[in-house]
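See structure below.
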Amino acid sequence: METFERNEKGSMMAEGVSVSSLALQYGTPLYIYSEKALRDHFSEFDKSAGDFPHLICYAVKANSNLSVLRLMASLGAGFDIVSGGELARVLKAGGDTAKVVYSGVAKTEKEITFALDAGILSFNVESEAEMERISSIAAAAGKTARVSVRVNPDVDAGTHPYISTGLKSNKFGVPVERAFSLYKRARDLPGLEIAGIDCHIGSQLTSLAPFEDAIDRLIRLIDRLREEGINLKHIDVGGGLGVVYNNEVPPSRKAYMETILKKIQGLGLLLICEPGRSLVANAGILVSRCEYLKEGELTDFCIVDTAMNDMIRPSLYQAWMKIEEAEADESIPEKVFNVVGPVCETGDFLGKERSLRVKPGDFLVMQGAGAYGFSMSSNYNSRTRPCEVMVSGTEHRVIRRRESPEDLWRGEEL
Ligand code: LLP
């Protein structure tokens with residue numbers, strides 16, 4: 001939470017600019033990102049890996065704005081993608097497709113062809129059927145697809161059930177034993193080159209133990225594959241490092257990287273990791289304007305102009321996101337509110353039982369909104385999606401303009 005802090009006058013700052021001035025200039029709801037935070041977070045991972053051969057593949061789904069992607073690319077990042085759309089974004093942003101890994105359980109023929117033509121580093125294959133599909137497409141095109149098996153190591157990431165992905169019961173990856181057979185099968189299939197091994201066990205992990213467990217399981221498989229004469233080039237440990245939203249105590253980016261390096265040091269493989277949230281979450285905020293205060297029978301409501309369509313995490317995962325006043329005004333009495341939006345659903349809330357000093361017209365800041373915020377937004381209730389602004393020092397620029405009503409019906413016919 002070190003990025004967006006108050007100055008001595010009590011105004012929340014985005015680097016060198018006050019959040020309220022940005023909200024006045026660009027309107028609300030407004031996503032604001034800090035370029036410095038994005039750079040710092042990336043470089044913490046990168047520096048901690050030191051000289052060890054590594055590639056940080058930013059998980060595009062966390063925040064797929066072209067400017068964010070371009071910045072990541074300029075820092076040397078590769079990309080973890082999960083759709084043809086994300087690959088198109090990486091291309092548009094000038095990312096290096098030779099640094100792209102492609103995860104996801106449902107890659108279509110069209111998407112596979114697109115990724116093959118783009119020359120990506122690796123398909124993270126999630127099933128036997130997908131391996132066969134990639135092989136036949138590559139062979140028919142006279143190309144070679146680099147593949148890794150996404151192993152489902154069956155470890156409990158101890159996170160929200162919707163975002164834990166490395167359990168037997170999840171749809172992701174291939175169990176260890178079947179992965180072993182799948183590598184042997186891949187060796188015999190045309191059009192394939194075995195590149196590496198992959199796993200991703202979940203998101204918002206606040207302990208390193210599940211990562212270590214998963215890597216141990218991968219290492220045992222790597223050893224067995226070696227005995228079988230199958231030699232890999234990389235190990236992809238996925239993403240998942242947690243961040244501070246409230247009172248979590250996640251490991252630092254440095255501790256995460258050092259722990260992983262210690263585990264895989266002797267393997268002689270390139271390390272790939274796929275961080276999303278830990279790069280962007282606390283590099284972004286979402287600013288709302290208080291429209292009304294409304295007394296309820298049981299709770300008071302602070303009704304803001306931001307809704308679940310702009311930021312769905314509280315509604316979807318009951319995620320606790322910090323909400324605070326953009327300007328500290330001690331003259332307003334503190335009251336407890338449910339902070340709710342304009343969408344016609346009771347599930348439309350940003351936070352419950354929050355103590356705030358707020359009056360209509362004030363701006364509120366949601367911290368930690370840089371990840372899975374805008375990228376999960378929608379037009380529900382025919383709401384135009386927010387503007388996104390990038391701040392660097394005292395400079396700021398729009399990196400996505402606020403949508404207009406015309407954007408709402410783009411592609412539709414009367
Ligand atoms: N790699 C793969 C294959 C993934 O599926 C994900 C996230 C990542 C990397 C990046 O994980 P991260 O470092 O961001 O934890 N919308 C949810 C999070 C969903 C995560 C899905 N996969 C949320 O807002 O909490």
Side-chain angles (χ1 to χ4, degrees), residues 1-7 11-49 56-80 86 89-90 92-96 99 239 241 243-245 252-254 273-287 310-311 321-322 324 326 363 365-375 377 385-402:
M1 219 76 86
E2 67 285 2
T3 308
F4 300 92
E5 288 180 334
R6 286 181 198 286
N7 66 10
S11 302
M12 185 69 70
M13 302 295 287
E15 299 196 22
V17 198
S18 93
V19 166
S20 303
S21 70
L22 292 171
L24 282 171
Q25 178 170 351
Y26 297 110
T28 50
L30 178 68
Y31 277 98
I32 302 174
Y33 309 117
S34 155
E35 184 176 319
K36 178 174 185 303
L38 292 167
R39 286 180 185 278
D40 288 353
H41 297 171
F42 183 87
S43 107
E44 277 167 40
F45 276 119
D46 199 30
K47 285 213 179 91
S48 309
I56 299 164
C57 289
Y58 167 58
V60 172
K61 64 171 83 66
N63 185 324
S64 41
N65 185 287
L66 292 180
S67 285
V68 173
L69 301 184
R70 170 153 291 193
L71 177 65
M72 292 293 171
S74 76
L75 299 174
F79 298 94
D80 165 59
E86 287 190 347
R89 282 186 173 276
V90 169
K92 180 80 182 166
D96 181 354
K99 293 183 183 173
L241 179 63
V243 301
V244 179
Y245 287 110
S252 66
R253 287 172 273 268
K254 184 162 182 272
C273 56
E274 306 170 354
R277 190 192 311 268
S278 51
L279 286 171
V280 293
N282 282 321
I285 54 174
L286 172 57
V287 190
D310 305 302
M311 164 49 80
M321 313 279 291
K322 186 170 186 177
E324 45 193 325
F363 296 120
V365 173
M366 176 186 275
Q367 296 276 3
Y372 306 109
F374 191 94
S375 65
S377 67
R385 282 185 292 176
C387 174
E388 293 176 287
V389 164
M390 181 75 78
V391 174
S392 177
T394 53
E395 284 169 21
H396 42 95
R397 66 194 171 96
V398 172
I399 58 170
R400 194 181 202 276
R401 63 165 173 76
R402 185 174 307 284

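In what follows, every heavy atom counts, from backbone to side chain, and hydrogens, waters and symmetry copies are set aside. None of these values were measured; they are calculated from a predicted model. Numbers here simply count residues along the sequence, with the first being 1.
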**Prompt:** Would Q367 and M12 count as a side-chain contact (heavy atoms from CB on, under 4.5 Å) if you check the C-alpha gap in whole Å, the side-chain angles of each, and the deciding distance to 0.1 Å?
**Reply:** CA-CA 11 Å; Q367 296 276 3; M12 185 69 70; 3.9 Å; yes
**Message:** Could you walk me through whether V19 and I285 satisfy the side-chain contact (heavy atoms from CB on, under 4.5 Å) test, starting with their C-alpha distance in whole Å, then the side-chain angles of each, then the deciding distance to 0.1 Å, before giving a yes or no?
**Reply:** CA-CA 9 Å; V19 166; I285 54 174; 3.7 Å; yes
**Prompt:** Passes side-chain contact (heavy atoms from CB on, under 4.5 Å), L30 versus L22? Steps please.
**Reply:** CA-CA 9 Å; L30 178 68; L22 292 171; 4.2 Å; yes
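Using a distance-only test at 3.5 Å, with no hydrogens or angles considered, no donor-acceptor pair links the side chain of N7 to the main chain of M13. Between the side chain of T3 and the backbone N or O of A283 there is no donor-acceptor pair closer than 3.5 Å. Under the 3.5 Å distance criterion, the side-chain polar atoms of E35 are left unmatched by any main-chain donor or acceptor of L71. Side-chain atoms of N63 do not come within 3.5 Å of backbone N or O of V68 as any donor-acceptor pair. In this structure, R402 contributes its side chain and P29 its backbone to a donor-acceptor pair below 3.5 Å. Of the possible polar contacts, none joining the E86 side chain to the S64 backbone as a donor-acceptor pair under 3.5 Å is found. The main-chain N or O of A14 is never found under 3.5 Å from a side-chain atom of S34 such that the two would form a donor-acceptor pair. Judged by distance alone, with hydrogens and angles left aside, the side-chain atoms of R385 form no donor-acceptor pair with the main-chain N or O of F374 at under 3.5 Å. For Y31 (side chain) and D310 (main-chain N/O), a donor-acceptor pair under 3.5 Å exists by modelled atom type.
There is a side-chain donor-acceptor pair under 3.5 Å between Y245 and R277.
Note: Y33 OH to N282 CG = 13.0 Å, rounded to the nearest 0.5 Å. Remark: E44 CD to L279 CG distance equals 9.5 Å, nearest 0.5 Å. Rounded to the nearest 0.5 angstrom, F45 CZ and R253 CZ are separated by 6.0 Å. The distance from the OG atom of S278 to the NE2 atom of H41 is 9.0 Å, given to the nearest 0.5 Å. One finds the OH atom of Y26 at 9.5 Å from the CD1 atom of I32 (value rounded to the nearest 0.5 Å). The NZ atom of K99 lies 13.0 Å from the CE atom of M72; values are rounded to the nearest 0.5 Å.
Residue R70 places its CZ atom among 12 or fewer non-hydrogen atoms of other residues, nucleotides or ligands, all under 6.0 Å distant. Other residues, nucleotides and ligands contribute at most 12 non-hydrogen atoms within 6.0 Å of the CD atom of E395.
K254 pairs by the side chain to side chain donor-acceptor pair (under 3.5 Å) definition with E258, not counting sequence neighbours.
Residues E15 and T394 fail the side-chain proximity criterion, which asks for heavy atoms closer than 4.5 Å. Residues S67 and E388 fail the side-chain proximity criterion, which asks for heavy atoms closer than 4.5 Å. Annotation: side chain of Y372 is not in contact with side chain of V280 (no heavy-atom distance under 4.5 Å).
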